[in-house]
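Take a look at the structure below.
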Amino acid sequence: MESLTNKKCVPCSIGAPTLEPEEIKKYFKSLKGGWKVIDNKKIEKTYKFKDFKEALDFTNKVGKLAEKEGHHPNIHLSWGKVVIEVWTHKIGGLHKNDFILAAKIDEIES
Ligand SMILES: C[C@H](O)[C@H](O)[C@H]1CNC2=NC(N)=NC(=O)C2=N1
């Protein structure tokens, strides 16, 4: 499968189907390590940093990426740590967009 980082998030409409478990497995395999699938409804990863400022810088870069992609994670910022959760709120589950965004977050140089 072509790298997810070469793809762009596309607007998805209400009522679009969520990914089936087999599809989730397929896209999950192409992500870097550290991601977890939660109840086949969302994906989550914890990033560690040396202090609050580095965690905040990373958070801001994720925010900029999300705005560019038009697809947004939940971001939990604390001292030395950022927890990223990704799912498609509009459909209440996972969409290919979530894996594209996750792959691009992993490309961010902290
Ligand atoms: C209008 C706007 O494009 C939509 O609400 C987008 C924004 N970013 C989004 N991000 C995520 N994760 N899920 C959505 O359903 C979603 N919808």
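When a ligand or atom number is given, it counts from 1 through the structure's own listing order. None of the values given here were measured: they were computed from a predicted structure.
Near ligand 1, heavy-atom contacts under 4.0 Å come from G70, H71, H72, W87, T88, H89, K90.
Follow the hydrophobic side-chain contacts under 4.5 Å out from I38 and you never reach L94; the two are in separate clusters.
Using a cutoff of 4.0 Å between basic side-chain nitrogens and carboxylate oxygens, D57 and K53 are scored as salt-bridged.
Within the 4.5 Å cutoff, the side chain of I91 has no heavy atoms near those of the I14 side chain.
Checked against salt bridge (Lys or Arg N to Asp or Glu O under 4.0 Å), E22 has the following partners two or more places apart in sequence or in another chain: K25.
From K7, atom NZ reaches atom NZ of K96 across 4.5 Å, with rounding to the nearest 0.5 Å. How far CD1 of I24 is from NZ of K29: 13.0 Å, rounded to the nearest 0.5 Å.
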